[in-house]
Participant: 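Input: one structure, supplied below.
Predicted model only: the values in this text are computed from it and were never measured.
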Amino acid sequence: MQDMEVVYRQHAQTVFKYLMLLTHEADLAEELTQETFYQAVRSIDRFDESCKITTWLCAIAKNQYFSYMKKHVRMKADSAVDRMVAGAGITEAAMSAEQEVMQQVGQMELLKKLHGREVLYLRMFGNLSFREIGEVMGKTENWARVTFFRARTNLKRQLEMDET
């Protein structure tokens, strides 16, 4: 295994760009990049070199992003529900079931949209193979190929619409 300082210099920009794609916020992407490398240092003994280090780092980055989103979405949803309950006189028990379903549906739609962008980025800018993308995403190589094709088709369609 290479020295972590060298690994950081070689891969920090790739991880940061990947996280920018997910977050669209430079400060948050930088924070998550730092946390990604912190977690990489903590778990370096588990890196078995069966995949590229970029694949491993992007998987850690994705997990850091999802952990962040899970924590912060729950905090925002809780405060929004508190305001709604107070303003409308609705009981929390009545709101919790509806809120849970809405959060799950919203999260699934968000994840579907993000997967396409992630796959495009990992393939085009991270130079990862479809097998490696599948590993990062916890999916199969075939899933990565299909998702890449669909995302590329959607991107082309969006670009054509923007031109008209």
Participant: Between Lys52 and Leu128 (side chain of the first, backbone of the second, donor and acceptor by atom type, cut-off under 3.5 Å), is there such a pair?
Facilitator: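 Checked: no pair found.
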
Participant: Any side-chain heavy atom of Tyr18 within less than 4.5 Å of one from Leu57?
Facilitator: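 Side-chain contact under 4.5 Å: no.
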
Participant: Is there a side-chain contact between Glu5 and Tyr8 in this structure, where contact means two heavy atoms from C-beta onward sitting under 4.5 Å apart?
Facilitator: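 No, every pair of side-chain atoms sits at 4.5 Å or beyond.
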
Participant: When clusters are formed by joining ILVMFWY residues with side-chain heavy atoms under 4.5 Å apart, either directly or through shared neighbours, do Phe130 and Phe149 land in the same one?
Facilitator: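 Cluster IDs for Phe130 and Phe149 differ.
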
Participant: Are Val136 and Phe66 linked, directly or through other ILVMFWY residues, by side chains that come within less than 4.5 angstrom of each other?
Facilitator: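 Result: yes, single cluster for both.
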
Participant: Establish, from distance only, whether the side-chain atoms of Asn142 and Arg145 form a donor-acceptor pair under 3.5 Å.
Facilitator: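 Checked: Asn142/Arg145 side chains show no N/O donor-acceptor pair below 3.5 Å.
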
Participant: When you group the ILVMFWY residues by side-chain heavy-atom contacts below 4.5 Å and let the links chain together, are Val15 and Met20 in the same group?
Facilitator: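 No: no chain of side-chain contacts under 4.5 Å links Met20 to Val15.
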
Participant: Is it the case that one hydrophobic cluster holds both Ile60 and Phe16, taking links as side-chain heavy atoms less than 4.5 Å apart, direct or via other members?
Facilitator: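 No; Phe16 is not reachable from Ile60 via cluster members.
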
Participant: Which heavy atom of Ala12 sits nearest to which heavy atom of Thr33, and what is that distance?
Facilitator: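 It is O-CG2, 4.0 Å.
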
Participant: Give me the ring orientation class for Trp56 and Phe47: parallel if the planes are under 30° apart, tilted from 30 to 60°, perpendicular past 60°.
Facilitator: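 Tilted: the ring planes of Trp56 and Phe47 meet at 30° to 60°.
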
Participant: Met137 and Val146: same hydrophobic cluster, using ILVMFWY side-chain contacts below 4.5 Å?
Facilitator: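 No: no chain of side-chain contacts under 4.5 Å links Met137 to Val146.
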
Participant: With heavy-atom distances below 4.5 Å as the criterion, would you say the side chains of Leu19 and Thr36 are in contact?
Facilitator: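 In contact.
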
Participant: If you define the side chain from C-beta out and look only at heavy atoms, does anything of Glu31 sit under 4.5 Å from Gln34?
Facilitator: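 Contact flag for Glu31/Gln34 side chains = no.
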
